[in-house]
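The chains referred to below are lettered A, B, ... by the order of the sequence lines, with proteins before strands, and numbering in each begins at 1. On a predicted model such as this, the values are computed, not experimentally measured, just so you know.
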2 protein chains.
Amino acid sequence: MTPDRLKEIRGIDLFKNISDRSFASLTQAAYAQNFPPNVELITEGDPSDFLYIVISGSVELFANWDKNETTLATVWPVSSFILAATINKGPYLMSARTGEKSLIVMLPSEDVRQTFENDPEFAKSIVSELAEYYRAGIRHAKGLKLRTSKERLANYLIKTGKKNDGATQFLLKYEKRRLASYLGMTPENLSRAFASLKELGVRVDGQKVSLDNMPALIEFAKPTALIDG
Amino acid sequence: MTPDRLKEIRGIDLFKNISDRSFASLTQAAYAQNFPPNVELITEGDPSDFLYIVISGSVELFANWDKNETTLATVWPVSSFILAATINKGPYLMSARTGEKSLIVMLPSEDVRQTFENDPEFAKSIVSELAEYYRAGIRHAKGLKLRTSKERLANYLIKTGKKNDGATQFLLKYEKRRLASYLGMTPENLSRAFASLKELGVRVDGQKVSLDNMPALIEFAKPTALIDG
DNA sequence: AAGCTTATTTGACAATTATCAAGTTAGAGT
DNA sequence: ACTCTAACTTGATAATTGTCAAATAAGCTT
């Protein structure tokens, strides 16, 4: 791997505080690889041989069961995925595929576990990371169990607006069918949910979204930090 | 706290490997308390002042949003809950109430974080614990998104049977309305799901359940380790 | 054991969500 | 720009799930 790339990886929360020695042994056998869009990187059930890091592009984490498929998360640069499986030596619980052309770094799981054993700072970083993942998972489950799909969409839009510096206009970060899957509904249902949010000032044109009546939308969606982070 | 009680706590995974010194400082300001059933121990949104440990009884973790409530997990002895919030100094994302008369130990969060900083073994144990929690959360979300409520119930029954040494007869561990909430449905829906599973050999009488046609039930439920653990 | 409260079940109905089948639109590749 | 494929939308319908109300059953208290 090139020095530039190493530096980029070093910057993520997971590696920020670890020793140079740990970082070196962690990345010693690592390698980066470019993937075209829509390539399946791992399949749920596989043994966790690598910890993955997205350098550029994006990765969709999804799962299948009996003809159904659902997106559980999307990973954006620069961050790792599949950490919990790596640490616990368990099989992956999610499959992963590139959402677009992506540069991916793979660290052998054995090295990750080794470093985890030896470098207390690394262990601490992993704790923070996992705690956040876990809490994100709780939030996701709360949304699914407490809200209707229309409410989930409304809150997603509000949240996305906030992330874009509170802009009332922004672009959806990914395809609608993936958004639908992430929000736990079918594409048809998402389409209808968008249509029915029109009366709350939600306009959609392709990937462009504008929220023209924020107060009304918020009153309907009832966002809360305890679900929407 | 009594020596007996301390010993009991020392035995859980989280504390098994930590130094005596760490354990002492962790429990130095801890205290145990008996609670009657149905007492709310914490409320979502509260700052995380304590790490809790269930010594006996049980604790339900739940959340509310706009008139709706849902159970996210039930904690059985002897284990901790609310660890992620404690570590990340975030507000609790779930409320907790006793499901029955329960003995609860409370460790000041500050002490937990202190020990986490100083004892690498504790950090490692926390990692394993959080990784497992996280994975349990993923499984829960997968079940909710990929399965119907009837399928979730069928799988829950199969799993519970397995936990009871593969018994085809067992007692439900908690009330049906809580089971319903945990499985993401209303009590009425649970009742009907049970009724409709009758043709797959599921008999229910109060808390007693018997699974008289396991092959048929399994064929319908399609359990998998990637969701049902 | 009687009485009271709460949990569970059942029925009728409504809301939500999914499925299937066309259309329409948008985007990628040539 | 053209073609082709895939994504998205819309309509019609079905399945799933929730709500409300009432009846029954179970558990607790006295």
Side-chain angles (χ1 to χ4, degrees), chain A residues 36-39 60 64-71 97-101 143-156 171-198 202-209 220-221, chain B residues 36-39 60 64-71 97-101 143-156 171-198 202-209 220-221:
Chain A
N38 243 45
V39 170
E60 187 190 1
N64 289 92
W65 181 81
D66 184 46
K67 285 164 216 160
N68 295 326
E69 174 174 317
T70 190
T71 298
R97 72 163 76 93
T98 51
E100 48 203 290
K101 183 171 175 302
L144 289 169
K145 294 179 88 171
L146 294 169
R147 288 172 169 164
T148 65
S149 58
K150 188 177 166 184
E151 288 164 344
R152 290 198 294 278
L153 173 59
N155 279 295
Y156 175 83
L171 293 175
L172 293 175
K173 269 187 317 190
Y174 38 64
E175 294 168 292
K176 287 187 188 147
R177 71 201 175 100
R178 300 208 179 179
L179 176 58
S181 181
Y182 173 67
L183 293 176
M185 61 181 106
T186 58
E188 293 95 326
N189 193 1
L190 176 68
S191 195
R192 289 180 174 114
F194 266 124
S196 88
L197 286 177
K198 206 189 290 190
V202 176
R203 312 258 139 197
V204 197
D205 176 23
Q207 300 296 109
K208 285 199 289 282
V209 174
F220 167 76
Chain B
N38 243 44
V39 169
E60 187 189 2
N64 289 93
W65 181 82
D66 185 47
K67 286 163 215 162
N68 294 327
E69 174 174 319
T70 189
T71 298
R97 74 163 74 93
T98 52
E100 50 203 290
K101 183 171 174 301
L144 289 169
K145 294 179 86 172
L146 294 168
R147 288 172 170 164
T148 65
S149 58
K150 187 176 166 186
E151 287 164 345
R152 290 199 294 278
L153 173 59
N155 278 297
Y156 174 83
L171 293 176
L172 293 175
K173 268 189 315 188
Y174 39 62
E175 293 168 291
K176 286 187 189 149
R177 70 200 176 101
R178 301 209 177 179
L179 176 58
S181 181
Y182 173 67
L183 293 176
M185 61 181 110
T186 58
E188 294 96 327
N189 193 359
L190 176 68
S191 194
R192 290 181 173 114
F194 266 125
S196 88
L197 285 176
K198 206 190 288 189
V202 175
R203 311 260 138 195
V204 197
D205 177 24
Q207 300 295 108
K208 285 200 291 280
V209 174
F220 167 75

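- Put simply, NZ on B/Lys208 is 15 Å from P on D/dA25, counting in whole angstrom units.
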Candidate pair B/Val204 and B/Lys176, rule side-chain contact (heavy atoms from CB on, under 4.5 Å), full reasoning: CA-CA 11 Å; B/Val204 197; B/Lys176 286 187 189 149; 3.8 Å; yes
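- In this structure a side-chain-to-backbone donor-acceptor pair under 3.5 Å is present from A/Lys145 to B/Tyr182.
- Here D/dC8 presents its C1' atom at 13 Å from CG of A/Leu172, a figure rounded to the nearest Å.
- Taking atom CD of residue B/Glu100 and atom P of nucleotide D/dG27, one finds them 15 Å apart after rounding to whole Å.
- Within the 3.5 Å criterion, the main-chain N or O of B/Leu183 finds a donor-acceptor partner in the side chain of B/Arg152.
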For nucleotides 10-16 of chain D, give me every protein contact, N/O to N/O, under 3.5 Å, one pair per line with atom names.
unit_1, atom_1, unit_2, atom_2, d
D/dG11, N7, A/Arg192, NH2, 2.2
D/dG11, O6, A/Arg192, NH2, 3.2
D/dA12, N6, A/Arg192, NH2, 3.3

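- Put simply, NZ on B/Lys150 is 10 Å from P on D/dT17, counting in whole angstrom units.
- Defining each end axis of the helix from C/dA1-D/dT30 to C/dT30-D/dA1 as the rotation carrying four pairs' C1' atoms onto the next four, with five pairs an end, the two axes are found to diverge by 60° to 10 degrees.
- Looking only at distances, a side-chain donor or acceptor of A/Thr98 sits under 3.5 Å from a matching main-chain atom of A/Val39.
- Remark: B/Glu100 pairs with no residue by the salt bridge (charged side-chain N to carboxylate O under 4.0 Å, His left out) rule, at least two apart or across chains.
- Scanning for side chain to side chain contact (heavy atoms under 4.5 Å, CB included) contacts around B/Thr148 gives B/Lys150, B/Glu151, with sequence neighbours left out.
- Note: CG (B/Leu153) to P (C/dT8) measures 14 Å, nearest angstrom.
- Every residue meeting the side chain to side chain contact (heavy atoms under 4.5 Å, CB included) condition with A/Asn38, not counting sequence neighbours, appears here in chain and number order: A/Arg97, A/Arg178.
- Applying the side chain to side chain donor-acceptor pair (under 3.5 Å) test to A/Thr71 and every residue at least two apart in sequence or in another chain returns A/Glu60, A/Ser181.
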Derivation of the side-chain contact (heavy atoms from CB on, under 4.5 Å) call for B/Leu179 and B/Lys173: CA-CA 9 Å; B/Leu179 176 58; B/Lys173 268 189 315 188; over 6 Å; no
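- Under the side chain to side chain contact (heavy atoms under 4.5 Å, CB included) criterion, A/Lys208 pairs with A/Leu171, A/Asp205, sequence neighbours left out.
- Between B/Tyr174 and A/Arg152, the residue anchored nearer the 5' end of DNA chain C, judged by the nucleotide with its closest heavy atom, is B/Tyr174.
- Applying the side chain to side chain contact (heavy atoms under 4.5 Å, CB included) criterion to B/Glu188, with sequence neighbours excluded, gives B/Thr186, B/Arg192.
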Summary of protein contacts for nucleotides 24-30 of chain C, nucleotide by nucleotide, where a base hit scores B, a sugar-phosphate-only hit scores S (4.0 Å, heavy atoms): -------
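- Look at NZ on A/Lys145: it is 15 Å from C1' on D/dG18, rounded to the nearest Å.
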N/O-N/O pairs, protein side and nucleotides 2-7 of chain D side, under 3.5 Å:
unit_1, atom_1, unit_2, atom_2, d
D/dA7, OP1, A/Arg177, NE, 3.1
D/dA7, OP1, A/Arg177, NH2, 2.8

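- Between the CD atom of A/Glu69 and the C1' atom of C/dA18 there is a distance of 16 Å, given to the nearest Å.
- Looking only at distances, no side-chain donor or acceptor of B/Arg203 sits under 3.5 Å from a matching main-chain atom of B/Val209.
- To the nearest angstrom, P of C/dT19 lies 15 Å from CG of A/Leu190.
- The side chain to side chain donor-acceptor pair (under 3.5 Å) test applied to A/Ser191 returns no partner, not counting sequence neighbours.
- With sequence neighbours left out, B/Asn64 forms a side chain to side chain donor-acceptor pair (under 3.5 Å) with B/Glu69.
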